[in-house]
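To keep things clear, I will list the structure first and then write my remarks on it.
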Amino acid sequence: MKSKTLNRIGYISSNAIRQIAVSLFSMSIPFIVIYYASRLVWGEFIELLLFTLLATQIINWGNKEYVLRKLSEMPHAAVKTFSSTLITRFPLVLLFATIGFCYFQNNYGFFLFVWILGRYFIHSAEVVVLFEKKFKDSLFIELACFLLFYIGIYAEGTELTTNSLLGFYSIYQLVKGISYLILCRKFISFQSFTIDLNYYHNSFHFFLLSILGFLASKVDVYVIQQFGDKIITSSYQIINSLLVFIMSISAFIYAPFTKNIYRNNDEMIQKSKRIVATLGLIIVPFSLFILYFILRYFLKLDLAVLFYCIAFLYVYPSFLYGIEVVNLFKKHQERRVVHYLLIGASANAILSIAFLSLNYGITGALFGSAIAQILVLVLFKYRKIG
């Protein structure tokens with residue numbers, strides 16, 4: 001029993017370290033760009049970033065959650081399942097590459113294709129990383145690829161432009177994606193490269209969950225970007241990324257044991273919820289304390305205490321309902337989760353637009369998101385007693 005507990009702690013800590021490192025690498029990029037170039041360069045890059053983020057969400061089409069459940073239920077068919085879903089989603093890569101060429105200038109289109117292809121490989125392999133618990137291998141790939149990316153940015157120095165940043169970033173994503181494919185090569189079989197159109201139907205609710213979860217956390221950034229101020233967009237995108245990272249810490253804790261959640265009884269799941277909720281009361285305030293120093297001393301944003309109170313209300317609900325989402329997956333109640341997240345994403349969009357239109361700025365946009373998060377939490381709690 002002691003050995004089993006130690007192994008469990010080891011898996012949690014190694015995955016948490018990996019996920020934190022991945023998030024830190026991602027979040028450090030805007031700071032690096034601003035340091036070597038300017039906030040304007042990052043603001044111009046955000047339009048490309050938002051396009052690829054949305055494209056990737058659609059290309060994934062619920063892959064991680066759906067395939068992870070399939071592998072947990074039928075581990076003997078892992079190679080066939082992984083290979084089939086990999087090739088089945090590839091036409092979506094070509095679709096968004098074509099959109100990129102049509103919507104953006106030609107040189108942007110090429111690098112957007114490289115970028116999207118890399119992200120497609122990375123997200124596909126994430127299932128194997130979680131299922132096989134290859135957290136240390138993943139961490140090595142992330143660290144090595146990020147160092148290569150940073151060396152390129154450092155060599156460019158103050159000459160960094162939106163064009164060169166796009167080139168470096170796209171190659172960085174592709175190299176990382178190919179590295180992940182090599183890591184999960186034993187799950188790839190060319191004989192199993194069969195397009196299964198039923199996949200889109202079977203995983204549709206997982207796709208809706210993914211896209212709605214994405215919009216629930218990012219729609220305010222898209223709204224601000226439409227207001228046209230690249231400097232404000234640049235600042236808010238960084239704030240949003242930092243807050244979403246804090247929200248995701250709850251998932252870092254339970255992600256290694258998603259398949260165990262599928263197999264355990266309700267009593268164990270309730271115990272896990274209480275543990276994550278308690279940890280959140282420690283993690284969230286501490287993380288916001290660090291956020292205060294980042295915003296004040298790097299972005300030169302002296303935000304009021306009210307902003308950080310709102311930030312807590314935005315972040316903490318994810319520690320309360322995160323495991324419940326997986327529990328509903330277990331019970332094949334994806335439609336219920338889709339319904340809740342659709343309400344949350346819609347509320348976020350409407351409230352963010354309303355508060356921005358009333359000139360409440362960054363704090364107003366975040367307040368709209370916080371209300372949406374609380375609404376989603378209430379819906380999940382209502383389900384428990386309803």
Point to revise | E44 and R39 ion-paired at < 4.0 Å | key: no

Check your understanding: Is there a donor-acceptor contact under 3.5 Å from the side chain of T52 to the main chain of I116?
Key -> no

Review point. What's the verdict on side-chain contact (heavy atoms from CB on, under 4.5 Å) for E132 and K186, showing C-alpha distance, side-chain angles and the deciding distance?
Key: CA-CA 11 Å; E132 294 279 282; K186 75 174 187 178; 3.2 Å; yes

Point to revise | Test item: N60 side-chain N/O and T56 main-chain N/O as donor-acceptor pair under 3.5 Å | key: yes

Revision key, fill the gap. Heavy-atom nearest pair, S203 first then Y66, reads CB-CG, 3.6 Å

Point to revise | Test applied, ring-ring contact (aromatic ring centres under 6.0 Å, His included); reference residue, W115; option that passes from F45, F121, Y108 | key: F45

Practice item. Measure the shortest side-chain to side-chain distance between I87 and T194 over non-hydrogen atoms and say whether it is less than 4.5 angstrom. Key: no

Point to revise | Sub-6.0 Å ring centroid separation between Y35 and F298 | key: no

Exercise for review: May I ask you to test the D196-T85 pair for a side-chain heavy-atom distance under 4.5 Å?
Suggested key: no

Check your understanding: Given the rule in the side-chain hydrogen bond (donor to acceptor under 3.5 Å, both in side chains) test, do S138 and Y180 qualify, once you have shown the distances and angles that lead to the verdict?
Key -> CA-CA 8 Å; S138 173; Y180 270 109; 2.5 Å; yes

Review point. Shortest non-hydrogen contact from I46 to S234?
Key: CD1-CA, 3.4 Å

Practice item. Quick one: pull up OG in S287 and CD1 in I282 and give me the separation to the nearest 0.5 Å. Key: 11.0 Å

Exercise for review: Indicate the ring-plane relationship of W61 and F207, choosing parallel, tilted or perpendicular according to the 30° and 60° boundaries.
Suggested key: parallel

Point to revise | Side chain to side chain, F110 and S170, heavy atoms closer than 4.5 Å | key: no

**Study point:** Verdict with supporting geometry, N63 and R89, side-chain contact (heavy atoms from CB on, under 4.5 Å)
**Key:** CA-CA 9 Å; N63 172 71; R89 292 181 297 107; 3.6 Å; yes

Study note, to complete from the structure: To the nearest 0.5 Å, atom OG1 of T233 lies from atom CD1 of I362 at 9.5 Å

**Study point:** Cluster overlap M74 with F82, hydrophobic side-chain contacts below 4.5 Å
**Key:** no

Check your understanding: Is S83 close to V79 at the side-chain level, that is, under 4.5 Å between some pair of heavy atoms?
Key -> yes

Practice item. May I have the step-by-step check of side-chain hydrogen bond (donor to acceptor under 3.5 Å, both in side chains) for S26 and S23, ending in yes or no? Key: CA-CA 5 Å; S26 177; S23 298; over 6 Å; no

Review point. Nearest 0.5 Å, what's the CG-CG distance between L54 and L50?
Key: 9.0 Å

Review point. Taking side chain as C-beta onward, heavy atoms only, is F245 less than 4.5 Å from I20?
Key: yes

Review point. Quick one: do V22 and L24 end up in the same hydrophobic cluster if we chain Ile, Leu, Val, Met, Phe, Trp and Tyr together by side-chain heavy atoms under 4.5 Å apart?
Key: no

Check your understanding: Ring centroid separation for F104 and F51, is it under 6.0 angstrom?
Key -> yes

**Study point:** Joint hydrophobic cluster, I34 plus L49, side-chain heavy atoms closer than 4.5 Å
**Key:** yes

Check your understanding: Aromatic rings Y169 and Y172: how do their planes relate, parallel, tilted or perpendicular, breaks at 30° and 60°?
Key -> perpendicular

Check your understanding: Rounded to the nearest 0.5 Å, what separation is found between the CG atom of L313 and the CG atom of L377?
Key -> 10.5 Å

Review point. How far apart are the closest heavy atoms of L295 and I239, and which atoms are they?
Key: CD2-CG1, 3.7 Å

Check your understanding: Taking atom CZ of F31 as the centre, does the number of heavy atoms from other residues, nucleotides or ligands within less than 6.0 Å exceed 12?
Key -> yes

Practice item. Would you please classify the geometry between the F90 ring and the Y120 ring as parallel, tilted or perpendicular, with 30° and 60° separating the classes? Key: tilted

Check your understanding: Is F131 close to P75 at the side-chain level, that is, under 4.5 Å between some pair of heavy atoms?
Key -> yes

Check your understanding: Relative to the ring of Y292, is the ring of Y308 parallel (under 30°), tilted (30 to 60°) or perpendicular (over 60°)?
Key -> perpendicular

**Study point:** Greater than 12 external heavy atoms within 6.0 Å of F193's CZ
**Key:** yes

Review point. Do N348 and D220 have side-chain heavy atoms sitting under 4.5 Å apart?
Key: yes

Practice item. Find the distance between OH (Y150) and CD1 (I32) and round it off to the nearest 0.5 Å. Key: 6.0 Å

**Study point:** Test side chain to side chain contact (heavy atoms under 4.5 Å, CB included) applied to R185 and I182, L183, L181, the passing residue
**Key:** I182

Check your understanding: Checking salt bridge (charged side-chain N to carboxylate O under 4.0 Å, His left out) for the pair R18/E142: CA distance, chi angles, key distance, verdict?
Key -> CA-CA 8 Å; R18 174 187 78 102; E142 294 288 344; 5.8 Å; no

Point to revise | I99 reachable from I59 in the ILVMFWY side-chain graph, under 4.5 Å edges | key: yes

Review point. In Å and rounded to the nearest 0.5 Å, what is the CZ to CG distance from R119 to L112?
Key: 13.5 Å

Practice item. Start with the C-alpha gap between Q173 and F111, add the side-chain angles, then the distance that decides, and say whether side-chain contact (heavy atoms from CB on, under 4.5 Å) holds. Key: CA-CA 10 Å; Q173 296 298 330; F111 283 113; over 6 Å; no

Review point. What about Y154 and I151, same hydrophobic cluster or not, with Ile/Leu/Val/Met/Phe/Trp/Tyr joined at side-chain heavy-atom distances under 4.5 Å?
Key: no

Practice item. Give the intermediate values and the outcome of side-chain contact (heavy atoms from CB on, under 4.5 Å) for residues F367 and L351. Key: CA-CA 8 Å; F367 186 51; L351 292 170; over 6 Å; no

Point to revise | Short side-chain to backbone donor-acceptor contact, T161 and S164, under 3.5 Å | key: yes

Review point. If every non-hydrogen atom of A78 is compared with every non-hydrogen atom of F187, which pair is closest and at what distance?
Key: CB-CE2, 3.6 Å

Check your understanding: Side chains of Y199 and T81: closer than 4.5 Å at any heavy-atom pair?
Key -> no

Exercise for review: Determine the minimum heavy-atom distance between I238 and W42, stating which atoms define it.
Suggested key: CG1-NE1, 4.2 Å

Review point. Heavy-atom count around F312 CZ within 6.0 Å, excluding the residue itself: above 12?
Key: yes

Practice item. Please test F168 against F149 for ring pair (Phe, Tyr, Trp, His ring centres under 6.0 Å), starting from the C-alpha separation and ending with a verdict. Key: CA-CA 7 Å; F168 286 127; F149 169 74; 7.1 Å; no

Review point. Shortest non-hydrogen contact from M27 to S241?
Key: SD-O, 3.7 Å

